[in-house]
Amino acid sequence: MVTKLPKVPVVVVGMGWAGGIVSAELTKAGINVVGLERGKDRTTADYTMGHDELRYQHRQELMQDLSKETITYRNTVSGKALPMRHYGTFIVGDGVGGAGSHWNGQTYRFLPYDFEIRTKTIERYGIEKIPAWMEGLNDWGLTYNEMEPYYDTFEKMAGISGETVELWGKRTNPYPTPPLVKTPLMKEFEKAATSLGYKPFVIPAANLSESYTNPDGISRGACQYCAYCENFGCEYGAKGDPAVTVIPVAKQTGKLELRTHSNVLELTKSGGKANGVIYVDMLTGEKFEQPADVVVVASYVFNNARLLLNSGIGTPYDPKTGKGTIGKNYCYQVTAGGSQLFFEDREFNLYGGAGALGIEIGEYMGDNFDHAKVDFIHGAGIRSTQYGDRPIAVNRVPAGTPNWGAEFKEKSIKYANSNFPVKTQGASLPHKENYLDLDPEFKDEFGYPLLRMTYEYTDNDRALGKYMSTITRKIAEEIGADIIDTNEEQGPFNVNKDSNTHNTGGVIMGSDPEKSALNTYLQMWEAENVFVVGASAFPHNSCFNPTGTLGALSYRAAEGIQKYLKEGGILVKA
Amino acid sequence: MSEQEKNNSVLDKRSSRRTFIKNSGLTVGGVVLGGALGSLLIKDDKSTTTSETQNHATTPTANPNVALMFFTPNQYQVTQAAVERIFPEDANGPGAKELNAAIYIDHQLAGPWGSNVKDYRLGAFYKAEENQGPQTKILRKDLFLAGLESLNTYSNQQFEADFKELEATQQDEVLLAFSEGKVELYGKVSSSQFFSLLRTLTLEGVYADPMYGGNKEMLGWSMRKYPGSRMQYVAEIQDEKFIQLEPQSLNSHMGH
């Protein structure tokens, strides 16, 4: 039995950054919002025992319970997908705050090149630079300059700490707070990179460098470098997190009705629009129908695509014909090419750190260097970070050391405070056979099909990783270490091996309804009262952590939803 | 083990722990030198006493956490022997056995994680490609028991003795064969899957907060100069010198 509830103006599915920002903006404008979150509510009091590496990182306290729902995975279109039975390569947040509670806080803008990647690549190198399998590579439908005000709003709300960086687009304002501190290892990177002619910068961070009050009146204290960011919540509220920023703001208006433990199973529809959503109370099993004028789908990348596919909203992408849009352009990130440094007589205070503490160069990002003589496009950020090395997770040893036994123990202790990486984070561009659809066999606990991921690294990724390895090696040698191990090859994707947590695409934006699911307000071309907000809207993934761009797009979507409530119709002409 | 050998091993432990302290002393930063070393010296004496009493299984121990909620005594001893080879005692300090990693493992396997309650367990279990992750239905607790049994079976085939009776080098040979998936374990389950679980649990038992039963007296953390759970490192993180801090466990946050 499904209990039908009274209609509301807006229902938001998921209470992370996307849902939190949309809810705050709409409720501040006087619009009533029902927020549905499948997990529990959270405040900083939940993190009193937050420095528990086992519970939070290795038992995934803040992550979605996979016994209820997971994804299935295969590396080629001809393979059989099998369920990801426990966490490995990436993690999926759960509860109020979502991934915005457990993230590291690295907050970048994408490059002007990213938003016009197809046009700019063709302009500089000709159409033949884009291989046939990368046909899905497209401009985003709006430029960096159009995105700039939304980035600015997000950065002010979250209080991002950083320094103005050359090689990126122009900024209207400086970062609201100064950059984080430079630690000895960051200074090593800085010295070496500078002497090689690069211009290193401190990574922009949502871990506050000083206490800060945002335009909504939310005050937060400075980061204490306690080293428990990724996989953890911040007990000080120093890390920008929806649960300590936008969600309290939305609650304060009295216009947000937040329903936790409310798991949306599908959207209902008629006549090319959604009527609302069906959800289940995860504690009691009771089912409800919540009708709404506007449905905002703002859960994680995977579930955004899955909800639309399970609801029959939008045309599923077909990798054989290239037609359809839902599930298209799933992208990830390239982490090959890093160099690991080990020191015999030097110790760093590696027990301390912050999720976004690090230093980086921008010379190899995007199209900041000439790609005429290389067989890939786009690039990578090259950086050294100090997240804080926790002892269960981080046991770096020189290549060739066994991973157990006497030698492992000796080396892992010897180098525990005497190592650091020069690593890469490379862009991931669409491949026509990397996509998301519904699994034909495996179901969630309610009988709905799981999302199936078909994904493998591409030739572009492998060439990019190999190229970047020569740069990280050069910087590592300039720093000077007793042992330098460089990873030159991007191996095959493994759903069970930790590498990168940045999933994007599946419900992408653009200017052409044949090639994209959403317009630039993240409004669905095929269902005008459905807005799908999140990194699922990225047509490709750049060489940056995605949250800054996700946050900026959320502000733009909130603007679009208000416009739609007033005017109706498709907000952008195709 | 003869009385003579037992005494020797205790002496070895003492001397190796002294070496550990000596080595630590060489690299300690100026600020907290006295306090940290002082407490390590006190702990040294206490832990030696505890490990001696543990050798006599009949003597009750001071730590109520050291009791079994899952293993039989024999399974516990095989686990102790196995974890010690993954993370052996050496000049740095105690091995996983003395750090109570086997107690940690016992407690983990008895709890929800041992029964895979947050894993996806619906649908059919097919043979997986290497990059798709394990697709076996067996629960962690049952996998671990099957692994322990198999360690003994294989040890008897190779060396005509149970695993815990073997020389350290023989135990390493057995574990190497398991890690390489060379041993038939149980049904379609690979011995490398058991080995990977054993390795993971051993490192967790050495380095997880002591409230979980392992990392005895935070000696796992001390060995690598890890300060455990502290609330801030604003000064330390900017310091050019290494600053060694005495470890603190989550228990220190109970006043908040």
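Note that the coordinates shown come from a computational prediction; the quantities given were computed from them, not determined experimentally. Every chain is numbered from 1 and lettered A, B, ... according to where its sequence line falls, protein lines coming before strand lines.
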Heavy-atom proximity to chain B below 4.5 Å, by part of A:Asp444: backbone
What part of B:Asn116 is in contact with chain A, defined as an atom under 4.5 angstrom from a non-hydrogen atom: side chain, backbone, both or neither? neither
At a 4.5 Å cut-off on heavy atoms, which part of B:Lys137 comes close to chain A: side chain, backbone, both, or neither? neither
Counting N and O atoms only, with roles assigned by atom type, does the side chain of B:Gln238 sit under 3.5 Å from a partner on the main chain of A:Val181, one being a donor and the other an acceptor? no
Checking heavy atoms, do the side chain of B:Glu130, its backbone, both or neither come under 4.5 Å from chain A? backbone
With a 4.5 angstrom heavy-atom cut-off, could you sort out which part of B:Gln108 is near chain A: side chain, backbone, both or neither? side chain
Does the B:Asp209 side chain pair with the main chain of A:Leu54, one donor and one acceptor, at a distance under 3.5 Å? no
Short question: side chain of A:His51, backbone of B:Gly228 - any donor-acceptor pair under 3.5 Å? no
Nearest heavy-atom pair of A:Tyr225 and B:Tyr233: which atoms, and what distance? O-CD1, 3.2 Å
So what's closer than 4.5 Å to chain A heavy atoms on B:Phe125: side chain, backbone, both or neither? both
What I want to find out is whether A:Arg346 reaches B:Glu240 closely enough, with some N-O distance under 4.0 Å, to be called a salt bridge. yes
Measure A:Gln64 against the heavy atoms of chain B and call it side chain, backbone, both or neither at under 4.5 Å. neither
How many angstroms lie between NZ in A:Lys409 and CG in B:Leu203, if you round to the nearest 0.5 Å? 11.5 Å
Between B:Arg224 and A:Ala416, is there a donor-acceptor pair closer than 3.5 Å when you use the side chain of the first and the backbone of the second? no
Here the pair of heavy atoms bringing B:Lys241 nearest to A:Asn349 is O-ND2, 2.9 Å
Would you mind checking which part of A:Leu450 comes under 4.5 Å of any heavy atom in chain B, side chain (CB onward), backbone (N, CA, C, O), both or neither? side chain
Check B:Gln135 against A:Leu82 and note the closest heavy-atom contact, atom names and distance. NE2-CB, 3.6 Å
B:Lys118 bridged to A:Glu61 by N-O distance under 4.0 Å: no
Between B:Ile243 and A:Tyr351, does the side-chain contact (heavy atoms from CB on, under 4.5 Å) criterion hold? Intermediate values first, please. CA-CA 10 Å; B:Ile243 298 176; A:Tyr351 49 77; 3.7 Å; yes
When you compare the side chain of A:Asn496 with that of B:Gln132, does any pair of heavy atoms fall below 4.5 Å? no
B:Trp113 ring centre to A:Arg59 NZ or CZ under 6.0 Å, with the angle to the axis within 45°? yes
Validation row: A:Arg55, B:Tyr212 side chains within 4.5 angstrom (heavy atoms): yes
Closest approach of A:Trp404 to B:Leu175 (non-hydrogen atoms, all atoms of both residues): CH2-CB, 3.5 Å
Between A:Lys80 and B:Glu129, does any NZ, NE, NH1 or NH2 come within less than 4.0 Å of an OD or OE carboxylate oxygen? no
Do B:Arg199 and A:Phe408 meet the cation-pi criteria used here (NZ or CZ under 6.0 Å from the six-membered ring centre, within 45° of the axis)? yes
Segment of B:Ala168 engaging chain A (4.5 angstrom heavy-atom cut-off): neither
Which atoms of B:Val117 are under 4.5 Å from chain A, going by heavy atoms: the side chain, the backbone, both sets, or neither? backbone
A:Met84 versus chain B, heavy atoms under 4.5 Å apart: side chain, backbone, both or neither? backbone
Please find the pair of heavy atoms, one from A:Gln224 and one from B:Met231, that lie closest to each other, and give the distance. CB-O, 3.6 Å
Taking the side chain as every heavy atom from C-beta outward, state whether A:Ser67 and B:Tyr120 have any pair of such atoms under 4.5 Å apart. no
So for A:Pro492, is it side chain, backbone, both, or neither that comes closer than 4.5 Å to the heavy atoms of chain B? neither
